[in-house]
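Chain naming here is simple, since letters A, B, ... match the order of the sequence lines and numbering starts at 1 in each.
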2 protein chains.
Amino acid sequence: MSHPPGTSCVAIVPLFAGLSPEEQDEVATYARPLRRSTGETIHRPGDDVSHLLVVHRGRVKVSHLSAGGQERLLRVLEPGDFMGETAFVTGERPDDLVVALGDVELCSFDHRELGALVQHYPDIALRMLRTVTGRLDEAERTIADLTASDVEGRLAGYLIDLPTQRRDGRVVARLPLAKKDIASLLGTTPETLSRKLAAFAEAGLVEVQGREVVILDPVRLEERTRPAP
Amino acid sequence: MSHPPGTSCVAIVPLFAGLSPEEQDEVATYARPLRRSTGETIHRPGDDVSHLLVVHRGRVKVSHLSAGGQERLLRVLEPGDFMGETAFVTGERPDDLVVALGDVELCSFDHRELGALVQHYPDIALRMLRTVTGRLDEAERTIADLTASDVEGRLAGYLIDLPTQRRDGRVVARLPLAKKDIASLLGTTPETLSRKLAAFAEAGLVEVQGREVVILDPVRLEERTRPAP
DNA sequence: GTCGCCGCTTGACGTGGGTCAAGGCGTGAG
DNA sequence: CTCACGCCTTGACCCACGTCAAGCGGCGAC
């Protein structure tokens, strides 16, 4: 009742996409807004969680802290994505670090209330299952990649999968993250990433200027994806 | 009606544990048995799948084939575990290789029929969500481990997590897989695994004889889990 | 404005572990 | 029984990449 129609988290979230507008309104009743600004941490390992968080505006990054204290970026959540499902579904405490990438608005759902909602609208569980399954597949591909390809291969794949746009007849992609974060995502270090990008540029595959990457030779880039036969 | 009571897949499977015995009987109606013997492949990348498979007896290994054609072991399924949920939930084709580790019995559920079941008993979806979420967490921990720890660290962790039993006052674990498979699971090669095990033995941490591993020094083994500070 | 911090790059170096190759051992087939 | 094949181990080699260190440019704080 207090949420302006159309701007609530609920409307845009795939999780609730199966519900009728009236049902969505009901769900919206349970949503509590949450706001964080650039660099603020939203969740820190060990915090116990009693809420499922849905990203409404902005992006957040989810990393895993390993025993050594170093950070490994796992994934970036965009509007419509959720997190904290582990705590909701099993009782487990997730040991992830979640940080706002920019100014962010989130919606928070209390576990108890969400539980009731799921009971009432089983479709929510199915949609949750769908996205978690997708994440699992992606994670398992990452695992395979980490042992099968070298850094060049993974970087090549990453660049190819980036959304691009044409400008003056050139195909240009914009890096969605700081290079150090991309390094972490690819399981390497900023130093190595820097070198590999330089090597690609040297070889005439790409052209890098800040966060803009011009894809010069998609074919040879694609070739680097697979190991030499 | 044709399944001997108590021996059907359905009874032992967590997926259906929330149902009443009568409901389980109904579910059992849809199950089709499937039998494979040692080394036979149950699913090969690219096969399209219209069934969810539940392991009833024996074990199967699930690997991911990378572009280079090499095999990376992802997980081992034991009785009660299921696979093929990706195809069921999203329409995607899983590119996994599934091979019987010994003689295996499986139960197969057609997607269409299973879909109807899930509609009728939403609890099934919730349980599926629960196990997929667990797998995701595990996969993400593996990802973090692959970049944070070295092979020794991962091996140490693997050995520690192994179920053990006491014999003559010694703590002994039995490797549940061929060493080459363990190597794949840990993201390394049989050669390196062999060397690392030898190194642990050398250091007096373990004693290896075939598939039996005597854990001599759990404390120092545990220490190797974390990187040197 | 100036300072300091942070992200990025480049260089030099050391090494973990992958690869190739060879030999031993156990097991199942014939 | 013998053979052959697959698993495991050990040795030698070498290269990709992580680490340490230094220098640079941009940006926000003050």
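C:dG11 atom C1' lies 15 Å from atom NZ of A:K196, rounded to whole Å. For the pair A:L197 CG and C:dG7 C1', the computed distance is 14 Å after rounding to whole Å. If you take CG of B:L193 and P of D:dC8, they are 9 Å apart, rounded to a whole angstrom. Following rounding to the nearest Å, B:Q70 (CD) and C:dC20 (C1') show an atom-to-atom distance of 15 Å. Rounded to whole angstrom, the span from the CZ atom of A:R211 across to the P atom of C:dC6 amounts to 17 Å. A:L146 has its CG atom 15 Å from the C1' atom of C:dG17, to the nearest Å.
A heavy-atom distance below 4.5 Å is not found between the side chains of A:D95 and A:L65. Counting only heavy atoms from C-beta outward, the side chains of A:F109 and A:V10 approach each other to under 4.5 Å. In this structure, the side chains of A:E138 and A:R75 stay at 4.5 Å or more apart for every pair of heavy atoms. Between B:L52 and B:M128 the shortest side-chain heavy-atom distance falls below 4.5 Å. Counting heavy atoms from C-beta outward, A:K61 and A:L97 have side chains that stay 4.5 Å or more apart. Side-chain atoms of B:S108 and B:L53, non-hydrogen and from C-beta on, do get closer than 4.5 Å to each other.
Heavy-atom neighbours of B:R32 CZ from other residues, nucleotides or ligands within 6.0 Å: at or below the threshold of 12. Around CZ of A:R35, the count of heavy atoms belonging to other residues, nucleotides or ligands within 6.0 Å does not exceed 12.
Side chain of B:T192, nearest nucleotide from C:dT9, D:dA16, C:dG18: C:dG18. Checking C:dG17, D:dT9, D:dC17 against the side-chain heavy atoms of A:D150 singles out D:dC17 as nearest. Considering only the side chain of B:A198, D:dT10 comes nearest among D:dT10, D:dC17, C:dT19.
Rounded to 10°, the angle separating the first-five-pair axis and the last-five-pair axis of the helix from C:dG1-D:dC30 to C:dG30-D:dC1 equals 50°.
B:L162 pairs with exactly one of B:V213, B:V172, B:L175 by the side-chain contact (heavy atoms from CB on, under 4.5 Å) rule, that one being B:L175.
At a cut-off of 3.5 angstrom, counting only N and O atoms as typed in the model, there is a donor on one side and an acceptor on the other between the side-chain of A:R195 and the base of C:dG11.
In terms of phosphate contacts, B:T189 brings a side-chain nitrogen or oxygen within less than 4.0 Å of OP1 or OP2 of C:dG18.
When ring centroids are compared, A:F82 and A:F88 stay outside the 6.0 Å threshold.
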>> I'd like to know whether A:R135 forms a side-chain contact (heavy atoms from CB on, under 4.5 Å) with B:V132, so could you lay out the CA-CA distance, the side-chain angles of the two residues, the decisive distance to 0.1 Å, and finally the verdict.
In response: CA-CA 10 Å; A:R135 283 185 198 169; B:V132 173; over 6 Å; no
Please list, pair by pair, any protein nitrogen or oxygen found under 3.5 Å from a nitrogen or oxygen in nucleotides 21-26 of chain C.
none

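The stretch residues 174-186 of chain A comes close to DNA chain C through A:A178, A:K179, A:K180, each having a heavy atom under 4.0 Å from the strand.
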